[in-house]
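Below is one structure, written out as structure tokens; the observations come after it.
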Protein chains: 2
Amino acid sequence: MNPGLRSGELAQAAGVNLQTLRYYERRGLLAEPTRSPGGHRLYPAEALTLLRVIKTAQRLGFTLDEVAELVDLGTHRHGRRRDTSLQRRAATKLAEIETKIADLQTIAESLRTALDAGCDDLTTCATTDCCPIPLAGLDHGDNK
Amino acid sequence: MNPGLRSGELAQAAGVNLQTLRYYERRGLLAEPTRSPGGHRLYPAEALTLLRVIKTAQRLGFTLDEVAELVDLGTHRHGRRRDTSLQRRAATKLAEIETKIADLQTIAESLRTALDAGCDDLTTCATTDCCPIPLAGLDHGDNK
DNA sequence: GGTAAGCCTGTACCCGGGTACCGGATGCAA
DNA sequence: TTGCATCCGGTACCCGGGTACAGGCTTACC
């Protein structure tokens with residue numbers, strides 16, 4: 001049976017640096033893989049999926065700690081014994097994500113309007129009312 | 001007429017550090033404001049909106065350079081003389097944003113499924129098929 | 001079994017995005 | 001006009017997220 005990916009293969013497949021794998025391992029994002037007799041890491045194929053999930057979540061503005069939480073929002077057990085604290089964290093995360101989606105939709109809307117209108121100034125759009133659907137919708141007023 | 005906000009007032013209102021304002025000014029994100037006779041900065045009210053837009057965009061995973069581009073995607077002129085290169089950049093940005101929205105929706109969907117199912121493991125969801133709508137959808141396969 | 005490519009641990013460094021601190025100059029109210 | 005809060009420019013520092021390098025062991029193939 002296939003012994004697993006070597007670290008270099010995995011890194012290349014995921015488009016990350018080899019050192020990054022070790023860094024993620026130290027941070028606890030990537031489980032310690034099995035080793036060859038001589039001590040070389042051998043990763044299961046799922047590690048690639050996980051890495052891509054991590055990279056995607058990062059692009060979306062989550063810190064590594066948040067990514068870890070997202071991924072961890074349950075790596076412990078599955079089904080049975082519904083742990084309400086986990087459920088609650090998941091619900092909180094979900095609300096956060098929904099806010100992000102809404103904000104991105106506001107930005108997308110502004111860009112679309114700008115494109116349609118041949119109007120190309122978002123700041124002006126945000127602060128004056130020359131344009132129909134301004135970015136100012138992002139101003140939730142409660143920063144920090 | 002109201003002379004504008006002092007830097008401390010603006011910083012507090014936006015929930016950012018005073019130094020951050022000067023930093024953004026150096027980076028070109030915040031225009032140089034007018035000054036009092038003695039050299040103190042005096043910001044127009046729109047600066048607050050802009051700061052909030054910046055902070056929101058950052059939470060969404062845009063770098064400061066990208067935020068600058070977003071905001072700049074046109075601060076030059078408005079309407080008339082449709083600059084196609086700007087239009088094109090806006091279109092590109094828009095596509096990016098739509099991808100982000102889709103990815104966030106995938107994550108939201110996973111969390112929702114996990115919550116509904118009392119299933120609380122995203123990694124397993126992503127890499128096995130025990131769960132209906134896995135995170136694996138984030139795996140676009142083309143990282144970097 | 002020789003040898004090149006690949007991997008090991010450890011430590012040092014880099015970049016983006018801020019923050020802190022300093023000594024000195026304003027702003028404004030009493 | 002004095003006094004305290006605030007702001008000024010400049011420089012140095014901090015943290016998250018990597019990335020590079022050194023010196024030595026493993027693997028894989030001829």
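Put simply, CD1 on B:Ile54 is 15 Å from C1' on C:dG16, counting in whole angstrom units. Spacing between atom CG of B:Leu64 and atom C1' of C:dG18 amounts to 9 Å, rounded to whole angstrom units. In this structure, the CZ atom of A:Arg26 is 13 Å from the P atom of C:dA12, given to the nearest Å. Rounding to whole angstrom units, CD of residue A:Glu25 and C1' of C:dC8 are separated by 12 Å. Atom CG of B:Leu42 and atom P of D:dC7 are 10 Å apart (whole Å). A straight line from CG of B:Leu5 to C1' of C:dG27 spans 16 Å, rounded to a whole angstrom. Rounded to whole Å, the distance from CG on A:Leu21 to P on D:dG17 is 16 Å. Distance, A:Leu30 CG to D:dG18 P: 12 Å, rounded to whole Å.
In this model, the phosphate group of C:dG18 is approached by a side-chain N or O of B:Tyr24 to a distance below 4.0 Å at OP1 or OP2. Contact check, B:Arg35 against C:dA25: no side-chain N or O comes under 4.0 Å of OP1 or OP2. For B:Lys55, no side-chain nitrogen or oxygen approaches OP1 or OP2 of C:dG17 to under 4.0 Å.
Counting only heavy atoms from C-beta outward, the side chains of B:Leu42 and B:Arg35 never approach each other to under 4.5 Å. Side-chain contact between A:Thr20 and A:Leu51 is absent, with no heavy-atom pair separated by less than 4.5 Å. Residues B:Val16 and B:Tyr24 are not in side-chain contact: their nearest non-hydrogen atoms beyond the backbone lie 4.5 Å or more apart.
In this structure, of D:dC8, C:dC8, D:dG18, it is C:dC8 that holds the atom nearest to the side chain of A:Ser7. Side-chain proximity of B:Gln58 to the nucleotides C:dT9, C:dG18, D:dG17 is greatest for C:dG18. Closest to the side chain of B:Arg41, out of C:dC8, D:dG17, D:dC8, is D:dC8. Residue A:Tyr23 places its side chain closer to D:dG17 than to any other of C:dG18, D:dG17, D:dG9.
A salt bridge does not link B:Arg41 with B:Glu32: every distance from a Lys NZ or Arg NE/NH1/NH2 to an Asp or Glu carboxylate oxygen is 4.0 Å or more. A salt bridge between B:Arg112 and A:Glu98 is present, with a side-chain N of the basic residue lying under 4.0 Å from a carboxylate O of the acidic one. Ion pair B:Glu9/B:Arg6 not flagged as a salt bridge, since none of the NZ, NE, NH1 or NH2 atoms sits closer than 4.0 Å to an Asp/Glu carboxylate oxygen.
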Does the protein touch nucleotides 21-30 of chain D at the base, only the backbone, or not at all? Give it as B, S and - per nucleotide, heavy atoms under 4.0 Å. B----SS---
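The shortest heavy-atom contact between B:Leu5 and B:Ala45 is CD1-CA, 3.8 Å.
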